Structures are given as C-alpha cells and as structure tokens.
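Since this is a predicted model, take the numbers as computed values, not measurements. As a basis for the values below, the full set of heavy atoms in this structure was taken, side chains included, without hydrogen atoms, waters or symmetry mates.
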Amino acid sequence: MHGTSILDEADRLMTVCNSCRYCEGLCAVFPAMEMRRAFSDGDLNYLANLCHGCGACYVDCQFSPPHEFNVNVPKTLAVARAESYAAYAWPQALSGAFARNGLVISLVAALSMAAFILGFAALNDRSVLFGVHTGPGAFYKLMPHNAMAALFSVALLYAVFALVMSVRAFWRDIGTPIGGRADGGSIFQAIRDAGELRYLHGGGVGCYNEDDKPTDRRKLYHHLTFYGFLLCFAATSVATLYHYLLGREAPYPWWDLPVVLGSLGGIGLIIGPIGLFAAKMRRDPALLDESRYGMDVGFIAMLFLTGTTGMLLLVLRETSAMGPLLALHLGAVFALFITMPYGKFVHGIYRFAALVRYAQERRRAA
C-alpha cells in the first residue's frame, strides 16, 4: 500500500505497463520504469514528474479505456504529479492552498499588491498617480526604489527558499543511484532535454490534444512561455546591474538592452500562455487532471498578466496611465513570486530534477 490512492493506482498501471512495454520508445517514463521491478512512493513521484503529458501512450495503448484494465497513464500521472507538489511543499501548512483556487488566490494577491502600491503613492502625493512622468527615475515617483526593491526582494527570497526546501525533499525521496551525485554530465544532459522539451513529442510525432492527430503546438507554446520568462528575468537582472553598477535608473530607452530583452520576453509571455490556455480548453478531458484546473489556469493567467501589463507599461509609460499600469504590473509579479512554491510553476523544477535523475540512470546503464 502506498501513501495515497492515486499512488496505488499508479503502481497498478506501472505493473501492467512493465509487463507490456509497448510504449518504451515514446518518452523517458517507460525506460525509467523498466529499471524497476517494484515501486516506492518516491519512484512513482519521480515517474510522475518525468512524464510530460504528451498523451501518446494513452492513444497507443491497447489497454486504455474502455478496456477492463483501464490503463490511463497520462491522467493518473498528472494527478500524482499535482499531489507531489503538495507532498513536498514547504511549509506544509500552505501545501494545498492553490490546488483548487489558484486563479482566485493569484488574482486577489495581484490586485491587493497593486492597491497597496497605489495607496502608498496616494498617501504621499495623489498627483503622482495619474501624472505624466518621464526620464530616468520616473517609475520611482510612485514608490521609492529602495522600498520597491526591499518589498520584492523579500518576496523573491522567500519563494526561492521555499522552492529549494521543496526540491530538496523531492530529490531525497526519489533516491539517487548507488554512490550517485548529480554529476556534471547528467546535469548538462538534463539541461539539454529540458531546453529542447525532448520528451514532449510522443515518440517524435507531437502531442495529442483534442483528437488522435498529434501536433507540436503545445511544444511551441511551452517554448514561448519558458523562454519569454527567462528573457524577462534577464531583462530585470541587466536593469539591476545598470542601477547599482552604472547608476542608471529606469525607465530606459527603447533600444537599450533591458527593454529589448523585456520586450521579446513580454511577447513570449503573451502568445505562449494564450496558446497553452487554448490547448488546455481543447484537450481531451481523458488526459486532464480537472481537479487542479484552477492551479493550472492561475499560473497561466499570472504569466499572461505579467507579460501584458509589462508591454502596456512600455508603450504607455510617458502617459497618465503609467502609474496604474506600473502598480498592476508589480502586483502581477508579486503574485507570481509568492505563488511559485505552491502552484504550477514548480512542475518545471521538479521535472528538471527528474530529468537529472533519469540522465544519471541512463549513464549508469550505459
């Protein structure tokens, strides 16, 4: 018996799949499964996070519903994957907070922070809320840079610490090969696999969404979202160096590096989340964990809101709309930070850890 009923079901399916092995060429889950004859909770959580949810095994399986064996690996592992986020979350008291109400909680957090920033500005000088501010330091008319940096640094540091604690618990539970540490070759291979979304391809034909015709649209939207996020993070990092090393204050000219990086990232964070949401709405319900719909949509919404408000702020920063847009943008970023350790964001980190583990196993087998 396992810790949860979904892990019991995952164990049953892996036992059936280990006897069949028809799907071993589709992704990393099945070769990793074949290295085991029995499955601990950690093994099953490892396999669940190694799964990219392409749906190929469901379409190819001769035992999928309505067969009496009722083998539905994508949905079972999707549920197990979502439960693993709560199982390893730190602190445990917040583990299930975003599972069902992720969208509502994220929006409330974003709007609350935006209201706080607007209220902070109004208490100091109401005229700055809808005033036209241009040139270096214009953004800090709404809130001083040091106060803004302190507020968001605390939120980011908390999110990073909570994520580190969660991934540490996950890594310990899934185990490591005998004498195994995360060697450089395994980490590099995992970076390549994650960067290419290697296993989001259904054995080379693409993902399955609303029918049995595979496409690569989900892969494209994932790439736009992921690299859009990285570009926005790079833009923020460069702007921080500008501020503290060069003494240059935001906002920057259109052609400057932080703006170029942020613009490209913002476009990715608009198109990517829209595509992911559209794909989720069209996807076969048999492949989805519908009970975590709010958590999934909440994450997509925060990414989209961050990208959209950032682009609007760029376009309208020299108008009277700058103040409210800046507050809303910062509110979206704040909500994204504080929900990171408990929402869908962690799937990328856990999946990367699982890919490192799989690369270690492959190297040892070779």
Side-chain angles (χ1 to χ4, degrees), residues 103 106-107 109-118 120-121 128-130 132-143 145 147-149 151-153 155-156 159 221-243 248-277 297-340 343-345:
L103 178 59
S106 297
L107 289 175
L111 294 175
S112 297
M113 177 51 65
F116 171 78
I117 294 173
L118 290 173
F120 181 92
V128 305
L129 291 179
F130 298 99
V132 177
H133 311 288
T134 59
F139 290 159
Y140 310 127
K141 301 291 184 181
L142 203 66
M143 176 180 279
H145 175 269
M148 191 182 297
L151 184 64
F152 284 85
S153 295
L156 180 59
Y221 298 143
H222 272 89
H223 275 310
L224 287 170
T225 303
F226 175 66
Y227 289 109
F229 180 84
L230 288 184
L231 285 168
C232 287
F233 182 78
T236 303
S237 301
V238 173
T240 301
L241 294 176
Y242 274 20
H243 185 92
R248 297 181 56 191
E249 292 188 326
Y252 303 107
W254 289 76
W255 58 86
D256 220 334
L257 185 58
V259 180
V260 173
L261 293 173
S263 299
L264 294 174
I267 293 170
L269 287 184
I270 293 173
I271 299 175
I274 289 176
L276 289 176
F277 180 73
V297 174
F299 178 54
I300 293 173
M302 283 303 100
L303 290 173
F304 174 76
L305 188 60
T306 299
T308 302
T309 54
M311 294 302 292
L312 287 174
L313 181 61
L314 176 63
V315 174
L316 302 174
R317 61 184 178 174
E318 295 185 356
T319 71
S320 59
M322 186 271 283
L325 282 174
L326 178 60
L328 189 57
H329 178 64
L330 293 176
V333 173
F334 182 83
L336 187 62
F337 283 173
I338 64 170
T339 59
M340 274 182 181
K344 190 62 180 289
F345 181 87

Problem set entry | Working for side chain to side chain contact (heavy atoms under 4.5 Å, CB included), residues Thr339 and Phe299 | CA-CA 8 Å; Thr339 59; Phe299 178 54; over 6 Å; no
Problem set entry | Side chain to side chain, Leu305 and His329, heavy atoms closer than 4.5 Å | no
For this session: Could you tell me the separation between the CG atom of Leu303 and the CD1 atom of Ile300, rounded to the nearest 0.5 Å?
Result: 8.0 Å
Problem set entry | Considering all heavy atoms, the nearest Pro258-Ala235 contact | O-CB, 3.3 Å
Problem set entry | Heavy-atom side-chain contact between Leu111 and Leu328 under 4.5 Å | yes
Seminar exercise, completed: Separation between OG (Ser320) and NE2 (His133), nearest 0.5 Å, reads 9.5 Å
For this session: Check Leu325 against Leu312 and note the closest heavy-atom contact, atom names and distance.
Result: CD1-O, 3.8 Å
Problem set entry | Intermediate values then yes/no, side chain to side chain contact (heavy atoms under 4.5 Å, CB included), Phe139 and His145 | CA-CA 8 Å; Phe139 290 159; His145 175 269; over 6 Å; no
Exercise. Does some side-chain heavy atom of Met143 sit less than 4.5 Å from a side-chain heavy atom of Phe116?
Worked result: yes
Exercise. If you take all heavy atoms of Leu231 and Gly265, which pair is closest and at what distance?
Worked result: CB-CA, 3.7 Å
Exercise. To the nearest 0.5 Å, how far apart are OG1 in Thr308 and CD1 in Ile267?
Worked result: 11.5 Å
For this session: Check step by step if side chain to side chain contact (heavy atoms under 4.5 Å, CB included) holds for Met302 and Leu103.
Result: CA-CA 8 Å; Met302 283 303 100; Leu103 178 59; 5.8 Å; no
For this session: Please step through side chain to side chain contact (heavy atoms under 4.5 Å, CB included) for the pair Glu249 and His243, ending with a clear verdict.
Result: CA-CA 5 Å; Glu249 292 188 326; His243 185 92; 3.8 Å; yes
For this session: May I ask you to test the Leu224-Leu269 pair for a side-chain heavy-atom distance under 4.5 Å?
Result: no
Exercise. So, for Gly135 and Pro251, which heavy atoms are closest and what is the spacing to 0.1 Å?
Worked result: O-CD, 3.4 Å
Exercise. Considering all heavy atoms of both residues, which atom of Asp256 and which atom of Tyr242 are nearest to each other, and what is their separation?
Worked result: OD1-OH, 3.0 Å
Problem set entry | Heavy-atom pair with the smallest gap, counting every atom of Ala335 and Ala109 | CB-CB, 3.9 Å
For this session: For Phe229, check ring pair (Phe, Tyr, Trp, His ring centres under 6.0 Å) against everything at least two apart and list the hits.
Result: Phe345
Seminar exercise, completed: Output for pair (Leu313 CG, Thr319 OG1), nearest 0.5 Å, gives 9.0 Å
Exercise. Do His222 and Leu276 come within less than 4.5 Å of each other through their side chains, counting heavy atoms only?
Worked result: yes
For this session: Any chance you could measure Leu118, atom CG, to Met113, atom CE, to the nearest 0.5 Å?
Result: 11.5 Å
Exercise. Do the non-hydrogen side-chain atoms of Tyr252 and Leu257 ever get within less than 4.5 Å of each other?
Worked result: no
